[in-house]
Amino acid sequence: MLYGIEKLNLANLPTPIEKLTKISELLDKNMYIKRDDYTGLEFSGNKIRKLEFSVKDAINKGANHLITCGAIQSNHARATAVVAAKFGLGCTLVLKGNETDDLDGNYFLDKLFGAEITFVSADDYAFRRNEIMENTKEQLKKLGMKPYIIPEGASNGIGSLGYLNCYEEILIQEKSLGIEFDAIVVAVGSGGTYAGLYLGNQLHKSNKKIIGFNVSSTAEHFIGRICELVDETLPLLDGNYDVNKEDIKIIDGYVGRGYAINRVEELEFIERIAQNEGILLDPVYSGKAFYGLINEIQNGKFNDLKNILFIHTGGQFGIFPKKNSFEL
Ligand SMILES: *Cc1c(COP(=O)(O)O)cnc(C)c1O
């Protein structure tokens with residue numbers, strides 16, 4: 001229960017917080033990483049925290065089929081397929097891609113876990129994904145099923161609660177570690193993770209900086225989107241809260257060549273972190289965001305911040321379809 005809202009218990013929580021000793025020394029900061037890539041194996045990553053709330057809501061409403069969407073290598077779509085399998089629910093994924101795409105990474109797992117897949121073009125995905133999911137829902141209803149739509153990334157009011165919950169987990173861990181983080185840093189793809197953390201910081205009046213690195217679109221887009229998500233989440237909570245939306249901080253400039261496309265320097269960075277820290281970042285989210293964070297620190301942008309927590313949001317299955325892009 002969180003602020004009066006029920007959730008499933010699927011993720012392995014709390015996820016550990018580790019100090020990155022070499023990077024800390026190099027940057028003269030205290031750099032920590034929260035291992036949300038350890039939430040599980042099959043449903044690893046950040047989406048399972050949101051799905052604990054979304055799927056509980058679906059089950060409470062009597063649903064027996066989940067519908068969601070994402071890119072071909074969507075971690076969220078894969079995590080949804082896994083949860084559906086676990087609870088004996090049907091699952092339809094609307095994926096941006098083609099039948100002929102390499103059966104690899106998350107897409108391979110989607111199939112392995114038994115999800116039905118509907119492929120759509122990039123344009124249809126961008127402009128019509130919600131309409132396509134609604135159509136699927138209507139068709140399934142005609143067949144007597146009880147479908148439930150989870151939006152892209154499970155980023156809506158209910159899904160964002162997963163990271164409000166995570167924020168509270170971090171506050172407890174701060175006490176046991178004897179440290180206070182000045183900033184929490186995370187990749188931003190559909191906004192729900194950031195929105196939940198931001199809300200936690202506001203509700204607890206903790207005064208940390210919540211910093212997001214967008215991996216698609218623009219900072220401006222996500223600031224607007226996160227405001228909407230905060231407004232969607234607040235009414236779900238027991239009680240009245242005062243929230244100011246002025247401190248949303250999204251740093252643009254690290255999308256690179258585009259969503260899920262990599263520059264050589266990003267891949268080299270992932271390789272360096274693997275070989276020096278023993279940590280596997282993913283190419284689409286944590287790789288770009290952590291690269292951004294280290295760059296910003298080295299450019300003197302965060303001189304006022306000493307204790308920095310980066311959340312590793314998972315996504316490692318997405319590295320396998322990219323294996324040929326690495327120069328090893
Ligand atoms: C979806 C995702 C994110 C971004 O989270 P949002 O809530 O969509 O902004 C970050 N990292 C990974 C690995 C993801 O799959």
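Indexing begins at 1, ligand by ligand and atom by atom, following the structure's order. The model shown is predicted, which means the values in this text are computed figures rather than measured ones.
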**Item:** salt bridge (Lys or Arg N to Asp or Glu O under 4.0 Å) contacts touching residues 237-250 (sequence neighbours left out)
**Value:** D231-K245

**Asked** How would you list, by chain and number, every residue that makes a side-chain contact (heavy atoms from CB on, under 4.5 Å) with K146, sequence neighbours excluded?
**Response** N64

**Prompt:** Does any pair with a residue in residues 159-187 pass salt bridge (Lys or Arg N to Asp or Glu O under 4.0 Å), and if so which ones, sequence neighbours excluded?
**Reply:** K34-E169, R49-E169, E174-K208

**Asked** Got the residues with a heavy atom under 4.0 Å of ligand 1, by chain and number?
**Response** N46, K47, K50, N75, S155, A187, V188, G189, S190, G191, G192, T193, Y285, T313, G314, G315

**Prompt:** Within the side chain of D124, is there an N or O that forms a donor-acceptor pair under 3.5 Å with the backbone of S121?
**Reply:** no

**Asked** Between E152 and Y125, is any side-chain donor less than 3.5 angstrom from a side-chain acceptor?
**Response** yes

**Prompt:** Y107 vs F119 aromatic rings, parallel, tilted or perpendicular, using cut-offs 30° and 60°?
**Reply:** perpendicular

